[in-house]
Visitor: 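Okay, here's the structure, questions in a sec.
Below, each value reflects all heavy atoms present in this structure, side chains not excepted, and no hydrogens, waters or symmetry copies. Convention: sequence-line order gives letters A, B, ...; per-chain numbering from 1.
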Amino acid sequence: MHIRGTVAGDVEVRSVSTSYGESDLAEVPLQIDTVATDIESIHASRPAPADGEDHEPTTVTCWNKWTESADLLEAGMELLVTDVAEDEYQGEQRYKTTGESYVVVEPSFLVNVTSIRNWVECPRLYYLNKLSGVPLNYPVVKGTLVHEVFGDLLRGRDLEESIDARVEERGLQLGLLGESPEAVAEDVRENAGAIEGWLEQGRLTEDDSWRSEQLLISETFGIRGRADAIRRGAPVELKTGKNLKKEPRFKDKVQAACYALLLEERGGDVDTGTLLYTKNSALDRNEETGDLTPAKDFSMGDGLLKFVVRLRNELAAMEMTEGVPTGYEGSAKCEYCFEQDTCMVVSGRLDQESKAGQIGTPLPEAEREYFDRFYRAIEEERREVHREYAKLWEQDAQERADDDRALIDLEFTEMRELEGGRWELHATRTSGATSKLREGDLVLASDGHPVRGNSELAMIERLDDEVVLTADEPVEVSRLDVYPSELTTDRLLAALHDALLKGNERRKDVLFGRADPEFGEIEETFIDNNARQNEAVTKAVGANDCALIHGPPGTGKTYTIARAIRAMVERGERVLLSAFTNRAVDNALEAVLEQLGDSLESDRVVRVGSESGVRDDMAPYRLERSGEPEDRLAELENAQVVAATTATCGSRVMKEQAFDVALVDEAAQLTEPGTHAAINLAERFVLVGDHEQLPPVVRAENELTESLFERLIDLHPEAGVMLDRQYRMNQRIQAFASSEFYDGQLRPAEPEVAARTLDDLEGVARDTLPDSLHDPVTFVDVEGDGSRYTDSEEAARIAELIETYESAGLERTDIGVIAPFRAQVSEISKHVPEDVAVDTVDRFQGSSQEVIIVSFTATDRLEGPIFEDYRRINVALTRPKRALVLVGDATALESEPVYERMLEWAQG
DNA sequence: GCTCTGCTAAGAGGA
């Protein structure tokens, strides 16, 4: 029997005398949520405590070594104890651990196997790794290559073919490292050769069953990882190093033991593990056994597996309490550690206690406070990502599908083996269900359940009526689940670290308000018909530190960016162009290319990003990762303009690059650490954005929701310029946004803009429209159907409006419909023709249409947080050029002052 | 309560 619950108070640890001698025990007061005989039921939607009654917590006694884990618990933490026994003590009903039990602290927090491996070496090493990541270096790249080739060999691929293909795939990285493909191939061949020989031997003498890399997730132990290989049900771990000792290294054993736990959960019974040290060649005879083989088998007892779970518990408890490891937790000797210097520097600069000691002087207090604040915020965000992982087993299939996090309606059709041993999986969709999955996404493809069934990480190649995936191993796929990624949080943390610990002092003086941004003299006029745009370009070009361009809707900020980049390029500078979304990067890049015209060879502009992220028309500029190292390197280094998302700016490849200036578009949509990821790479930076439009998208509510752009506008107003002439909206349309959000400063750039109406469009006769639609802004009062996130009345009325516009000669593609909720978006889509763009406010940001119809989806009152953020209204109302129609319930809109003013304007 | 984009994964090694 297993139990799961919430710790309800202090844990008491003591020693008692038993018939076996002196034993430790910990008494944990636990508010029990579920008691069940199988783990699946343990995690199924946990019942709320009985109505109103305060349940007395039950005491759970953790015996012997489990006291160490129990000692980590704090009130409010989650606890899972497997295989408990019922226990009556002084008339009280209790539970206690048995010899079979595992105690798991915060079981929903899914810990990586590599994290446990780092942690056992030294908890502080785990922390340092998390802070700064592993930079690009040859031993690591080579290790990765050898692993890939090993996987290929297991899948039956020819050795030489695999080496060639894998080395080619890493062309860009190898180029940056200055390695030649021949030398790398030879190096990999030496390592892989040893494995091949060993593999052959095994195949001849015994009935081996093999499986290459598999992602394994344990809902019992809260561990996830990818085993290099599984042989006859036991883990095989490959190491590209030399080890002539009799025993594998302890941390390697711990790693293998993690995989053993993961395999046991899937019904295996694992008692051995194998470590393969590829540098052990025939010349390096094992000093004790005389062995020639690279393989070392070792037995894995119960004790090791439980030790591993205790390590995992330490890590999980530390992450839940936001602790910072000092190194004293473990017994590693600092003088043997490769990271000793880094450890001391980080300790010194952040004034942290550490076993290695401190070096240097601490950062100013404001910077340490900033670091702590954002560290906490990013870790909070990380825990939200972990909540997403837990949902893989805590929610059932239908809940996941309703949440748009899974497609469960697939019918497996076929699979075929690709060249190189990978697999292509095909399935058809049996319903029109929506999900947030898109082509190019990495997903968990399973034959029923992402954790309990047969599942593989797979790439979505195609997603329409048919679904096509590629994966390392075959799966009869019937379900796809979103696979959450910590990549963004990892990179935010590294960017924060780099900004504070590696950033130059002058930059930090400006960011922390200790110095004002400075500007050089610029005589040139860049734009002669728009004073603010010209001022913005002048500031951007002349900035010694930074410039801030505030661009309200339609004010030509993309053009301004492009003009500024052209000026910088003409001055011989190397420019980084970045933004949070791929869409924003491609938009800005498009304008830059147009502006540069023939002034720059096209091979001097490079877009860095994944194939699925980069828009098709920008694909010719995309930097391929694979190829001849020297060519790939030259392409990147030769580029004078490099465009990439801020997340990509945090990649190992981009971190090797340096720029004179970084321009960040849509900067108000970026968190502070996200902005650092881009500007860390450049001497100076220019942020362009509008903090009156949508803020950064984050899961947790904390300081990440305010952008660096907004903070700097307040801190250094003199470094900012607001563009004030808009080229988009008819004057009537613009009026409300201008007065409500921009102090009345937003004006039409030209009389033509102010006066534009539908009459200007070819083939449109406004007089055929009903009178009510003659005004560029109109309100259509619809009482609404009273539902929460949809409104069929509004949807029907919108369909009629579209027909009316169409019969007046308007093209469907000139009409956009905006709704606050996704549910209403799909409701409206059912009513209107396909080529009318219907989407949420959030997704409409950055684009515009001739006609915009807004569906407020509210009856009687404005319910929900979505209406509280007025920035969203600003975005919705500033998308149209010539006509805006607001559809909603007047009673509801009148209930809030901003919406009431909006209504007055629309009806005026 | 609601909106929401990023990103190959996770692990690769040095003595």
Visitor: Side-chain N or O of A:Y789 less than 4.0 angstrom from OP1 or OP2 on B:dT3?
Guide: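 So the side-chain polar atoms of A:Y789 never come under 4.0 Å of the phosphate oxygens OP1 or OP2 of B:dT3.
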Visitor: Measure the distance from CD on A:E388 to P on B:dG6 and round it to the nearest whole Å.
Guide: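 Going from CD in A:E388 over to P in B:dG6 covers 17 Å.
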Visitor: Validate the cation-pi geometry between A:R224 and A:Y389: distance from NZ or CZ to the six-membered ring centre under 6.0 Å, angle to the ring axis within 45°.
Guide: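 Output yes; distance and angle both within limits.
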Visitor: Whole angstrom is fine here: how far is it from CD1 in A:I866 over to C1' in B:dG1?
Guide: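 Distance, rounded to whole Å: 10 Å.
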Visitor: With sequence neighbours excluded, what pairs up with A:S446 under the side chain to side chain donor-acceptor pair (under 3.5 Å) test?
Guide: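 For A:S446, no residue satisfies side chain to side chain donor-acceptor pair (under 3.5 Å) once neighbours in sequence are set aside.
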Visitor: Closer than 4.0 Å, any side-chain N/O of A:H147 to the OP1 or OP2 of B:dG11?
Guide: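 So the side-chain polar atoms of A:H147 never come under 4.0 Å of the phosphate oxygens OP1 or OP2 of B:dG11.
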Visitor: Heavy atoms from C-beta onward define the side chain here; which of B:dG13, B:dT3, B:dT8 lies closest to that of A:L487?
Guide: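 For the A:L487 side chain, the nearest candidate turns out to be B:dT8.
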Visitor: For the side chain of A:K251, starting at C-beta, report the closest nucleotide among B:dG1, B:dA15, B:dA9.
Guide: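 That would be B:dA15.
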Visitor: Among B:dG11, B:dG6, B:dG13, which nucleotide has an atom closest to any side-chain atom of A:V140?
Guide: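 Of B:dG11, B:dG6, B:dG13, B:dG13 is nearest to the side chain of A:V140.
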Visitor: More than 12 non-hydrogen atoms from neighbouring residues, nucleotides or ligands closer than 6.0 Å to CD on A:E611, yes or no?
Guide: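 Not buried by this count: 12 neighbours or fewer within 6.0 Å.
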Visitor: Touch check for A:R625, heavy atoms < 4.0 angstrom, all strands: base, sugar-phosphate only, or nothing?
Guide: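 If one applies the 4.0 Å heavy-atom cut-off, A:R625 turns out to touch the sugar-phosphate alone, with no base involved.
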Visitor: Report which part of the nucleic acid A:T840 touches: base, sugar-phosphate, or nothing (heavy-atom distance under 4.0 Å, all strands).
Guide: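 It contacts sugar-phosphate atoms only.
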Visitor: Work out how far the P atom of B:dA15 is from that of B:dG11, and round it to whole angstrom.
Guide: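 The same atom, P, in both gives a distance of 23 Å.
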Visitor: Please pick, from B:dG14, B:dT5, B:dA9, the nucleotide with the shortest atom-to-atom distance to any side-chain atom of A:F580.
Guide: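 Closest nucleotide among those given: B:dT5.
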Visitor: Would you kindly give the CZ-to-P distance between A:R491 and B:dG6, to the nearest whole Å?
Guide: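 Going from CZ in A:R491 over to P in B:dG6 covers 14 Å.
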Visitor: Please check if the distance between the ring centroids of A:H147 and A:F150 is under 6.0 Å.
Guide: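 For A:H147 and A:F150, the ring centres are not under 6.0 Å apart.
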Visitor: Return the orientation label for the A:F709 and A:H691 ring planes: parallel under 30°, perpendicular over 60°, tilted otherwise.
Guide: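 Rings of A:F709 and A:H691: tilted, as their planes differ by 30° to 60°.
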Visitor: By the 4.0 Å heavy-atom rule, please label A:V113 as base, sugar-phosphate, or nothing.
Guide: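 The residue A:V113 makes sugar-phosphate contact but no base contact.
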Visitor: Within the pair A:K436 and B:dT5, is there a side-chain N or O less than 4.0 Å away from OP1 or OP2?
Guide: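 Answer no for this pair, as no side-chain N or O of A:K436 is under 4.0 Å from OP1 or OP2.
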Visitor: Sticking with atom C1', work out how far B:dA12 lies from B:dT8, rounded to a whole angstrom.
Guide: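 One C1' to the other, the span is 15 Å.
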Visitor: For the pair A:L480 and A:R405, evaluate side chain to side chain contact (heavy atoms under 4.5 Å, CB included) and give the outcome as yes or no after the intermediate values.
Guide: CA-CA 8 Å; A:L480 300 182; A:R405 286 191 170 78; over 6 Å; no
Visitor: In whole Å, what is the span from the CG atom of A:N582 to the C1' atom of B:dC7?
Guide: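 Those two atoms, CG and C1', are 9 Å apart.
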Visitor: Can you find a donor-acceptor pair, distance only, under 3.5 Å between A:R872 side chain and B:dT3 base?
Guide: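 Side chain to base: pair present.
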Visitor: Given atom CG of A:L492 and atom P of B:dT5, what is their separation to the nearest angstrom?
Guide: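 The answer, rounded to whole Å, is 16 Å.
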Visitor: Heavy atoms under 4.0 Å, any strand shown: does A:T581 hit a base, just sugar-phosphate, or nothing?
Guide: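 It contacts sugar-phosphate atoms only.
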Visitor: Name the closest nucleotide to the A:E237 side chain, picking from B:dA12, B:dA15, B:dC7.
Guide: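 Within the option list, the nearest is B:dA12.
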Visitor: Side chain of A:R224: nearest nucleotide among B:dA9, B:dA10, B:dC2?
Guide: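 In terms of side-chain proximity for A:R224, the closest of B:dA9, B:dA10, B:dC2 is B:dA10.
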Visitor: Do A:T114 side-chain and B:dG11 base share a donor-acceptor contact under 3.5 Å?
Guide: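 Counting by modelled atom types and ignoring angles, no donor-acceptor contact under 3.5 Å is found here.
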Visitor: Where the side chain of A:M459 is concerned, which of B:dC7, B:dT8, B:dG11 is the nearest nucleotide?
Guide: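 For A:M459, the side-chain atoms sit closest to B:dT8.
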Visitor: Can you tell me which nucleotide in B:dA9, B:dG13, B:dC4 comes closest to the side chain of A:V697?
Guide: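 From the listed options, B:dC4 comes nearest.
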Visitor: Please determine, for the side chain of A:T645, which listed nucleotide (B:dG1, B:dC7, B:dA15) has the closest atom?
Guide: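 Per side-chain heavy atoms of A:T645, the pick is B:dC7.
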Visitor: Rounded to the nearest angstrom, tell me the gap between atom CG in A:L457 and atom P in B:dC7.
Guide: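 Going from CG in A:L457 over to P in B:dC7 covers 17 Å.
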Visitor: Kindly indicate whether the side chain of A:V146, heavy atoms from C-beta on, has any atom under 4.5 Å from the side chain of A:L238.
Guide: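 Counting from C-beta outward, A:V146 and A:L238 do come under 4.5 Å.
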Visitor: Among B:dC4, B:dA15, B:dG11, which nucleotide sits nearest the side chain of A:D842?
Guide: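 Looking only at heavy atoms from C-beta outward on A:D842, the closest nucleotide is B:dC4.
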Visitor: Under 4.0 Å between a side-chain N or O of A:T144 and OP1 or OP2 of B:dG11?
Guide: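 So the side-chain polar atoms of A:T144 never come under 4.0 Å of the phosphate oxygens OP1 or OP2 of B:dG11.
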Visitor: Pick out which of A:K130, A:R491, A:R382 makes a salt bridge (charged side-chain N to carboxylate O under 4.0 Å, His left out) with A:E486.
Guide: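 Exactly one candidate clears the test, A:R382.
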Visitor: Please work out the stems of DNA chain B from pairs that are Watson-Crick or G-U wobble with both distances under 3.5 Å, keeping only runs of three or more consecutive pairs.
Guide: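 Correct response: none, since no qualifying run exists.
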Visitor: Taking atom C1' of B:dG6 as reference, at what distance in whole Å does atom CE of A:M654 sit?
Guide: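 Atom CE in A:M654 sits about 15 Å away from atom C1' in B:dG6.
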Visitor: So, does A:Y138 get its side chain near the phosphate of B:dG13, meaning an N or O under 4.0 Å from OP1 or OP2?
Guide: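 No, A:Y138 has no side-chain N/O under 4.0 Å of OP1/OP2 on B:dG13.
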